[in-house]
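Contents: one structure, followed by commentary.
Every number for a ligand or one of its atoms is a count from 1 in the order of the listing. Numbering starts at 1 and runs along the sequence shown.
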Amino acid sequence: MAPRFCVPATRRILAADGGAAVRAVVTGATGLIGRELTRQLLVRGDDVIPVSRNGGSLPAGPRVQAVDLERASMPRELLAGVDTLYHLAGVAHQQAREARYQRLNVDATVTLAREALSAGVRTFVFVSSVKAMGPARDERPRDESDLSHCVDAYGASKRAAEAALCELLDGGPMRLVIIRPALVYGGPLRGNLRWMRLAARLGLPRPPERGGRSMIGLADLVDLLCRLPREPWSDDAASSPLIVTDGECYSSQRIHDSMRIAGGRSPRRGRGSLVFWWLAALGLDVLLRQRPGTHFRKLFGWERYTSRRLLALGDWRPRETLESTVGGETGAPR
Ligand SMILES: NC(=O)c1ccc[n+]([C@@H]2O[C@H](COP(=O)([O-])OP(=O)(O)OC[C@H]3O[C@@H](n4cnc5c(N)ncnc54)[C@H](OP(=O)(O)O)[C@@H]3O)[C@@H](O)[C@H]2O)c1
């Protein structure tokens with residue numbers, strides 16, 4: 001029997017902030033970003049239809065609709081009367097098989113955009129990633145046009161999806177906004193941030209001051225996403241990706257210091273042992289079955305981006321830093 005979908009029948013005219021309420025679909029609504037986006041849209045008084053692969057419930061709000069986008073199309077009734085479709089569902093952090101990146105991050109994204117277009121959705125927001133730009137060549141902060149060849153399946157899939165969406169929607173009635181967030185902090189720590197917290201808790205030596213990366217706080221990213229349907233500048237952003245960072249440069253040393261402060265300790269003194277961290281990174285490569293050098297590059301390489309274009313468009317500004325979300329200040333320069 002075909003699944004039945006329960007869609008709220010009434011629409012509020014005004015959102016809590018006095019602006020017009022929008023009806024939005026959020027895919028990936030049970031993920032790190034989608035969960036907070038759904039919550040914030042509901043707080044603003046919007047009608048939200050959260051969707052994820054397995055469905056389920058969120059702490060507040062409507063039930064999450066289960067739609068496996070790799071295998072099924074989005075039911076038309078979920079798209080009826082929708083102003084904005086936020087497409088966040090994707091495979092990102094896991095070491096997935098290459099075919100899955102293609103199926104979900106590319107093919108399902110394009111299929112969903114076609115369905116949204118034919119259902120009359122006004123704006124399609126695609127949450128891509130800075131990884132779509134390929135690896136950095138040096139330490140300079142990169143803008144949206146500074147692309148290199150994508151070497152990993154995740155980045156390549158996001159780049160391919162961006163290109164396919166632009167081709168499909170260029171000049172058409174549905175507005176396309178592509179957002180490229182840097183690594184997101186806030187909420188449960190993942191990846192290198194989690195390793196760094198573990199290192200700080202275990203009292204490991206301070207990493208050397210070397211390399212740096214851009215990141216963005218979850219609350220700031222979600223604030224930006226919530227503004228998109230109402231911001232007049234979103235029209236100017238259409239079809240051209242926007243990088244989102246908090247404007248900071250985080251070295252592993254800075255991250256380690258902030259994790260120690262968050263744990264109630266003072267940052268370790270000294271320049272840090274490169275040999276120790278080289279061995280630790282190699283250990284992680286072995287543990288996680290990655291190519292030798294992968295974690296060392298992540299910890300001590302450069303990955304910097306600039307949000308200059310986004311900042312010039314409107315009055316969205318990042319308000320948080322890693323230190324302000326994990327607690328305490330490192331005194332690192334802003
Ligand atoms: N987190 C970051 O640092 C970061 C940075 C840049 C860009 N992004 C991008 O932002 C988006 C959201 O990231 P996130 O970290 O919030 O992701 P996440 O926590 O890994 O959550 C992934 C979401 O996608 C859903 N999903 C997975 N496979 C699906 C399928 N076949 N059909 C329908 N839904 C499916 C999951 O649903 P279930 O829970 O039901 O499986 C879940 O809701 C992703 O596209 C990611 O590439 C993330």
Side-chain angles (χ1 to χ4, degrees), residues 3 5 25-40 48-58 61 63-75 78 85-97 99-113 115 124-133 150 152-162 165 177-194 213-222 224-225 241-246 250 255 298 303 305 307 322 325:
F5 297 93
V25 166
V26 177
T27 73
T30 50
L32 174 75
I33 305 169
R35 187 177 279 263
E36 181 59 15
L37 174 61
T38 302
R39 194 182 73 78
Q40 283 295 338
V48 187
I49 304 168
V51 175
S52 82
R53 176 178 40 184
N54 299 309
S57 56
L58 296 172
R63 226 187 129 59
V64 182
Q65 307 289 339
V67 183
D68 184 345
L69 295 170
E70 284 174 73
R71 292 182 176 77
S73 38
M74 183 71 88
L78 294 190
L85 194 159
Y86 292 98
H87 181 43
L88 281 72
V91 52
H93 296 277
Q94 308 93 321
Q95 303 299 309
R97 285 177 190 274
R100 183 149 187 249
Y101 290 106
Q102 176 68 32
R103 253 191 343 258
L104 180 57
N105 290 6
V106 187
D107 300 344
T109 297
V110 177
T111 303
L112 183 62
E115 291 161 355
F124 189 92
V125 178
F126 175 52
V127 179
S128 179
S129 164
V130 288
K131 294 287 183 193
M133 296 167 59
C150 288
D152 65 297
Y154 172 60
S157 68
K158 288 291 191 182
R159 171 98 65 98
E162 287 185 3
L165 288 176
V177 182
I178 297 174
I179 299 293
R180 285 183 187 158
L183 181 70
V184 177
Y185 59 79
L189 295 181
R190 303 197 290 202
N192 276 356
L193 290 178
R194 198 178 46 180
R213 69 182 312 153
S214 301
M215 297 199 280
I216 177 69
L218 179 62
D220 283 330
L221 172 61
V222 165
L224 172 72
L225 293 172
L242 288 168
I243 290 173
V244 194
T245 80
D246 65 7
Y250 295 98
I255 296 171
K298 281 187 185 173
E303 204 185 329
Y305 305 92
S307 294
L322 180 67
T325 61

Close side-chain approach of [X] to [Y], heavy-atom, < 4.5 Å:
X      : Y      : answer
Val127 : Pro181 : yes
Leu322 : Met215 : yes
Val130 : Lys158 : no

Going by side chain to side chain contact (heavy atoms under 4.5 Å, CB included), Leu225 matches just one of Val125, Asp220, Val177, Val244. Which one?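 Exactly one candidate clears the test, Val125.
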
So is there a nitrogen or oxygen of [X] less than 3.5 Å from a nitrogen or oxygen in ligand 1?
X      : value
Ala92  : no
Leu32  : yes
Tyr154 : yes
Gly55  : no
Val91  : no
Gly34  : no
Pro181 : no

Let me confirm one number: the [atom1]-[atom2] distance from [X] to [Y], rounded to the nearest 0.5 Å.
X      : Y      : atom1 : atom2 : value
Thr245 : Ile216 : OG1   : CD1   : 6.0 Å
Glu115 : Leu85  : CD    : CG    : 9.5 Å
Phe124 : Ile178 : CZ    : CD1   : 9.5 Å
Arg35  : Ser52  : CZ    : OG    : 9.0 Å
Asp152 : Ser157 : CG    : OG    : 8.0 Å
Arg103 : Asp68  : CZ    : CG    : 9.0 Å

Would you mind running through ligand 1 and noting each atom that sits below 4.0 Å from a heavy atom of [X]?
X      : result
Val127 : 9 (C), 10 (O), 45 (O)
Leu183 : 3 (O)
Val184 : 2 (C), 3 (O), 4 (C), 5 (C)
Leu69  : 30 (C), 31 (N), 32 (N), 33 (C)
Asp68  : 30 (C), 31 (N), 32 (N)
Ser129 : 6 (C), 7 (C)
Ala29  : 43 (O)
Asn54  : 38 (P), 40 (O), 41 (O)

Would you check whether Lys158 reaches within less than 4.0 Å of ligand 1, judged by its heavy atoms?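 Contact check Lys158 vs ligand 1: positive.
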
If you measure from each heavy atom of Ala182 to ligand 1, is any distance below 4.0 Å? yes

Please classify the [X] to ligand 1 contact at 4.0 Å (heavy-atom distances, strictly less than): side chain, backbone, both or neither.
X      : result
Arg100 : side chain
Ala66  : neither
Ala108 : neither

Options Arg190, Glu70, Arg71, ranked by nearest heavy atom to atom 15 (O) of ligand 1, top entry: Arg190

Among Val64, Thr30, Val67, which one puts a heavy atom closest to atom 43 (O) of ligand 1?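 Among Val64, Thr30, Val67, the closest heavy atom to atom 43 (O) of ligand 1 belongs to Thr30.
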
Donor-acceptor contact below 3.5 Å, side chain Thr27 vs main chain Ala89: yes

Counting N and O atoms only, with roles assigned by atom type, does the side chain of Tyr86 sit under 3.5 Å from a partner on the main chain of Phe126, one being a donor and the other an acceptor? no

Residues Glu162, Arg180: salt bridge by 4.0 Å N-O rule: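 Salt bridge present between Glu162 and Arg180.
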
